[in-house]
Amino acid sequence: MLFLYTHMFVIALSPSVYMPTKAAVRGLYGSLPDDNKFRAKEGYKTVQNQRVAAYLMAQLQKMDRLKDHSLYFSRAVYRYYESRRRLHNDSADQRESAVRSNEKTTKKRRTQKKLYMQRSTVLKTKERKYWDEIDYRYMTDESDGELDGKTMKETHRPSWRSSALNKLIEKLDNRLAKKKKYSLHGIYKVTKIGRHIISVKCS
């Protein structure tokens with residue numbers, strides 16, 4: 001049972017009466033061209049949305065089968081606007097989430113490509129053939145954070161990477177560490193903690 005609140009009293013909205021009105025609003029709205037529909041990102045009192053609401057109300061008034069339901073027209077139109085607004089907000093949140101996910105993926109891929117290229121500069125001849133059989137996706141992933149107030153990066157080694165490749169990468173990293181003009185993660189001091197590598201920015 002739904003309730004319509006007025007200034008003077010509360011009227012019970014019987015589903016058998018209210019639902020036909022709600023269905024009529026949905027049908028009328030669906031027949032509107034896109035330019036004449038609610039602007040869900042705007043408030044209900046804006047010019048465009050009030051124009052749409054007035055049109056829907058006028059069309060409902062013309063329906064003989066709903067002539068006894070006029071008390072519910074305004075409520076039904078407003079509730080339909082609310083449903084469109086919720087749908088818009090949910091879609092906006094999903095789009096924002098997708099953008100953040102894409103940005104994270106792009107950053108990860110950029111870091112992996114950088115690691116792959118840096119390590120390739122210190123390969124020995126006998127190692128290059130094996131290295132050429134893999135690509136940047138075999139490199140570690142990184143996440144940002146802080147340690148004792150300092151910027152740090154935690155790198156996560158792929159669990160599916162072979163032990164032979166892990167050993168080769170460790171050799172390459174050691175060679176890079178000896179070349180002072182290179183730094184594996186920018187200007188960072190690299191420290192191993194368990195299975196992870198904590199890289200603390202030196203500044």
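All values derive from a computational prediction rather than experimental measurement.
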From Ser163 OG over to Glu170 CD, what is the distance, rounded to the nearest 0.5 angstrom? 10.5 Å
Might you point out which heavy atoms bring Glu42 and Tyr81 nearest each other, and give the distance in Å? O-OH, 2.5 Å
Give me the one residue out of Asp173, Leu172, Leu176 that meets side chain to side chain contact (heavy atoms under 4.5 Å, CB included) with Gln118. Leu176
Can you check whether Leu168 reaches Trp131 side chain to side chain, under 4.5 Å on heavy atoms? yes
Please tell me if the side chains of Leu56 and Phe73 come closer than 4.5 Å, counting only heavy atoms from C-beta onward. no
Audit row: Tyr116, Tyr138, ring-ring contact (aromatic ring centres under 6.0 Å, His included) steps and yes/no: CA-CA 8 Å; Tyr116 181 82; Tyr138 285 75; 8.9 Å; no
Over all heavy atoms of both residues, which pair between Glu127 and Val122 is shortest? Give the atoms and the distance, please. OE1-O, 4.4 Å
Any donor-acceptor N/O pair, Arg175 side chain to Thr121 backbone, under 3.5 Å: no
Asn36 side chain to Leu32 main-chain N or O, any donor-acceptor pair under 3.5 Å? no
Between Tyr44 and Phe38, how do the two ring planes meet: parallel, tilted or perpendicular, split at 30° and 60°? tilted
Evaluate the criterion side-chain contact (heavy atoms from CB on, under 4.5 Å) for residue pair Tyr29 and Val52; output intermediate values, then yes/no. CA-CA 9 Å; Tyr29 186 84; Val52 176; 4.3 Å; yes
Interatomic distance, CD@Glu82 vs CZ@Arg85, rounded to 0.5 Å, equals 9.5 Å
If you round to the nearest 0.5 Å, how far is CZ of Arg110 from OG1 of Thr105? 11.5 Å
Report the distance from atom CG of Leu115 to atom OG of Ser120, rounding to the nearest 0.5 Å. 11.0 Å
Side chains of Lys22 and Tyr80, heavy atoms from C-beta outward: is any pair under 4.5 Å? no
Heavy-atom closest pair, residues Thr140 and Pro158: CA-CD, 4.1 Å
For the residue pair Ile169 and Arg161, establish whether any side-chain heavy-atom pair is separated by less than 4.5 Å. yes
Pairwise side-chain contact, Lys37 with Asp34, heavy-atom cut-off 4.5 Å (strictly under): yes
Does Tyr130 reach the side chain of Leu165, with side-chain heavy atoms less than 4.5 Å apart? yes
Sidechain-backbone polar pair: Arg84 side chain, Ala40 backbone, donor-acceptor under 3.5 Å: no
To the nearest 0.5 Å, atom NZ of Lys107 lies from atom CD of Gln112 at 12.5 Å
Thr46 versus Asn49, side-chain donor and acceptor atoms under 3.5 Å: yes
Mark yes or no for whether Arg119, through its side chain, and Met139, through its backbone, hold a donor-acceptor pair below 3.5 Å. no
Arg51 and Gln48: CA distance, side-chain angles, deciding distance, side chain to side chain donor-acceptor pair (under 3.5 Å) verdict: CA-CA 5 Å; Arg51 185 182 295 120; Gln48 169 68 12; 3.1 Å; yes
Between the CE atom in Met63 and the OG1 atom in Thr21, the distance rounded to the nearest 0.5 Å is 9.5 Å
